[in-house]
2 protein chains.
Amino acid sequence: MESKQRTSRRSEQMGDQIEERIVTGVYPPGMRLDETELANSFGVSRTPIREALIQLASAGLVEIRPRRGAIVAEIAQNRLYEMFEVMAELEAMCGRLAARRITHPEQQALMAAHQACEAAQKANDPDSYYHLNEQFHQLLYAASHNGFLEEQANALGKRLRPYRRLQLRVRDRMNSSFAEHAGIVEAILAQDGDLAATRITAHVVVQGQRFADLVATLPLLGSAGRS
Amino acid sequence: MESKQRTSRRSEQMGDQIEERIVTGVYPPGMRLDETELANSFGVSRTPIREALIQLASAGLVEIRPRRGAIVAEIAQNRLYEMFEVMAELEAMCGRLAARRITHPEQQALMAAHQACEAAQKANDPDSYYHLNEQFHQLLYAASHNGFLEEQANALGKRLRPYRRLQLRVRDRMNSSFAEHAGIVEAILAQDGDLAATRITAHVVVQGQRFADLVATLPLLGSAGRS
DNA sequence: GTATGATATTTTGTATACAAAGTAATAAAT
DNA sequence: ATTTATTACTTTGTATACAAAATATCATAC
């Protein structure tokens with residue numbers, strides 16, 4: 001985590017709020033983000049809103065079309081596939097490094113997070129599982145002991161979050177996800193970086209049936225406010 | 001390349017100009033970027049400058065300290081190491097994918113770029129080599145046929161550009177770089193993705209002596225305008 | 001009823017104004 | 001002479017004003 005020095009900038013607070021609403025799906029892909037409207041609803045002027053939107057556009061969460069306003073970024077299918085392909089590689093890299101560099105306390109934390117996932121899985125609670133799964137992955141990133149990599153993985157994870165969330169709804173995904181976690185933890189504890197990387201790549205939903213399942217659920221998201 | 005639709009936004013033009021000056025070292029790391037000063041020099045108001053700075057901050061090229069203005073980002077040594085570590089992985093991924101997906105015209109272009117490097121190397125011209133080397137790497141990214149990966153690699157490459165440039169000055173680096181390119185091209189043409197990835201990782205300056213050399217040259221950059 | 005074109009309205013992009021925080025400068029005290 | 005406190009000056013961050021582009025509305029023609 002980057003040391004979040006007291007910001008004192010409204011535009012960043014606005015950015016955080018809008019971002020939160022995007023990644024949780026309150027503002028779905030394709031939704032128009034009217035500057036004046038947002039300014040009014042947040043009780044500020046357009047300036048900090050504009051600055052926030054520019055920042056979110058740089059992060060890839062919104063798209064600013066010159067003179068035509070901002071919308072929540074809609075990710076085309078093939079682009080989504082590409083992003084998952086990169087995400088898999090980044091996470092695999094985390095795993096490879098983590099196998100070499102993870103500390104004892106981090107091992108404990110990772111196992112604890114894994115066990116927490118087990119509870120949600122047994123209770124068949126996709127929402128809890130979703131959050132615990134995210135914690136698990138973030139611990140993995142941190143264990144790489146490469147702060148820049150950790151940031152990149154988190155940033156991309158954020159962009160893919162709305163799509164990942166849908167994933168867990170598909171038949172039996174939660175159970176297989178949990179089983180895969182077990183294999184990943186095992187490989188890391190055994191300090192087998194290549195095995196960890198291989199298993200993580202397989203875990204990140206990208207190939208064959210998995211991605212097809214995801215794509216099939218896509219119409220549920222997106223296409224907000226198109227004519 | 002992202003389809004650069006006619007922008008019509010001054011803030012983006014300003015961003016491009018400032019970015020250019022940062023990556024070429026005209027604005028060295030640590031330099032203060034005064035909004036009013038920039039606004040005057042570009043003949044616009046502070047607004048588009050501010051928006052440009054926010055965007056550059058998101059890209060990691062400048063650092064905005066709340067209420068204390070923007071400076072050209074200074075990258076700490078360990079952070080720089082982390083970034084090169086990730087860069088190596090991204091490029092290796094490009095190589096692995098390119099080995100599988102490169103088209104015939106792309107093969108031709110890559111070989112042509114490689115041969116162009118040879119000319120600069122033989123003429124012992126680091127500046128030409130620097131530019132031709134960049135072209136070579138960009139062709140590699142494109143050959144991955146993953147547009148998102150290509151963008152990420154280019155973005156990170158941009159951030160590392162001022163540091164990479166120094167690299168070529170160190171003893172004999174240009175010659176070894178060129179030799180490594182040959183091996184990379186060979187592996188890709190042979191469609192051996194793993195070999196290509198291995199060779200690219202070795203090529204990207206990150207381990208042992210190479211990184212030490214880079215660090216040793218760092219004092220040449222940076223520390224502009226500190227008390 | 002649909003299509004086309006002119007006009008009106010909305011919305012973005014940039015400039016300017018102003019308040020608050022930060023920085024520099026000066027003066028007083030040890 | 002160095003340090004501390006008060007004051008003046010910059011510079012940032014936000015609000016508002018205005019111009020230009022895009023969108024919507026409405027009337028007219030076919």
Side-chain angles (χ1 to χ4, degrees), chain A residues 2-19 21-22 27 30-59 61-74 223-227, chain B residues 2-19 21-22 27 30-59 61-74 223-227:
Chain A
E2 200 85 52
S3 66
K4 228 157 230 163
Q5 62 179 114
R6 195 155 257 11
T7 170
S8 104
R9 289 176 63 212
R10 305 281 276 164
S11 69
E12 268 189 26
Q13 300 174 29
M14 301 300 102
D16 289 344
Q17 299 228 36
I18 296 169
E19 177 181 316
R21 295 183 186 187
I22 290 173
Y27 295 165
M31 178 176 163
R32 188 130 198 309
L33 297 172
D34 186 279
E35 294 178 1
T36 314
E37 209 173 305
L38 287 170
N40 290 339
S41 89
F42 284 115
V44 296
S45 78
R46 274 175 57 219
T47 308
I49 297 292
R50 269 185 73 81
E51 296 189 346
L53 289 177
I54 287 166
Q55 197 166 298
L56 292 171
S58 299
L61 286 166
V62 318
E63 186 186 341
I64 295 178
R65 300 157 308 172
R67 288 264 173 210
R68 306 188 54 231
I71 60 171
V72 178
E74 285 187 283
S223 52
R226 252 175 322 195
S227 58
Chain B
E2 200 85 51
S3 65
K4 229 157 228 165
Q5 64 179 110
R6 195 157 249 16
T7 170
S8 102
R9 289 176 63 211
R10 306 283 275 166
S11 69
E12 270 191 23
Q13 299 173 30
M14 300 301 102
D16 289 344
Q17 299 228 36
I18 297 170
E19 176 181 316
R21 295 184 187 185
I22 290 174
Y27 295 164
M31 177 176 164
R32 189 129 199 306
L33 297 172
D34 186 279
E35 295 178 1
T36 313
E37 209 173 305
L38 287 170
N40 290 340
S41 90
F42 284 114
V44 296
S45 79
R46 274 175 57 219
T47 308
I49 298 292
R50 270 185 72 80
E51 297 189 346
L53 289 177
I54 287 166
Q55 198 167 299
L56 292 171
S58 300
L61 286 166
V62 319
E63 185 186 344
I64 296 177
R65 300 157 306 173
R67 289 263 175 211
R68 307 188 52 233
I71 60 171
V72 178
E74 285 188 284
S223 49
R226 253 176 321 197
S227 59

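Letters A, B, ... mirror the listed sequences (proteins, then strands); counts begin at 1.
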Q: Using the side chain to side chain contact (heavy atoms under 4.5 Å, CB included) rule, take Arg9(B) and Ile64(A) through it: C-alpha gap first, then chi angles, then the decisive distance, then the call.
A: CA-CA 11 Å; Arg9(B) 289 176 63 211; Ile64(A) 295 178; 4.1 Å; yes
Q.
From C-beta outward on Arg67(B), which listed nucleotide comes closest to its side chain: dT14(D), dT12(C), dG22(C)?
A. dG22(C)
Q. Out of dT14(D), dT14(C), dT12(C), which nucleotide sits closest to the side chain of Arg32(A)?
A. dT12(C)
Q) Do any N or O atoms from the side chain of Arg65(A) and from the backbone of Arg68(A) form a donor-acceptor pair under 3.5 angstrom? A) yes
**Q.** Spacing between Arg9(B) atom CZ and dA22(D) atom C1', to the nearest angstrom
**A.** 16 Å
Q | Length of the CD-P vector between Glu37(B) and dT12(D), whole Å | A | 10 Å
Q: Working to the nearest 0.5 Å, report the span between CD of Gln17(A) and CD1 of Ile49(A).
A: 9.0 Å
(Q) What's the separation between atom CG in Asp16(B) and atom CD in Glu19(B), rounded to the nearest 0.5 Å? (A) 6.0 Å
Q. The side chain of Val44(B) lies closest to which of these nucleotides: dA15(D), dT12(D), dA15(C)?
A. dA15(C)
Q | Gap between atom CG of Asp34(A) and atom CG of Leu53(A) - 0.5 Å precision | A | 10.0 Å
Q.
How many whole angstroms separate atom CD1 of Ile49(B) from atom C1' of dA15(C)?
A. 13 Å
Q: Report the nucleotide, chosen from dG13(C), dT12(D), dT11(C), that has the shortest atom-to-atom distance to any side-chain atom of Glu35(A).
A: dG13(C)
Q: Decide yes or no, distance alone: a donor-acceptor N/O pair under 3.5 angstrom between the base of dG13(D) and the side-chain of Arg46(B).
A: yes
Q: Let me know the distance between CE of Met14(A) and P of dT14(D), rounded to the nearest Å.
A: 9 Å
Q) For Leu33(B) and dT12(D), what is the distance between atoms CG and P respectively, to the nearest whole Å? A) 10 Å
**Q.** Interatomic distance where CG belongs to Leu53(A) and P belongs to dG13(C) [whole Å]
**A.** 10 Å
Q: Calculate the interatomic distance between Ile64(A) atom CD1 and dT11(C) atom P; express it in whole Å.
A: 17 Å
Q | Of Arg68(A) and Thr47(A), the one whose closest DNA chain D nucleotide lies more 5' | A | Thr47(A)
Q: State which of dA22(D), dG13(C), dT11(D) makes the closest approach to the side chain of Asp34(B).
A: dT11(D)
**Q.** Whole-Å gap separating P (dT10(C)) and CG (Asn40(A))
**A.** 14 Å
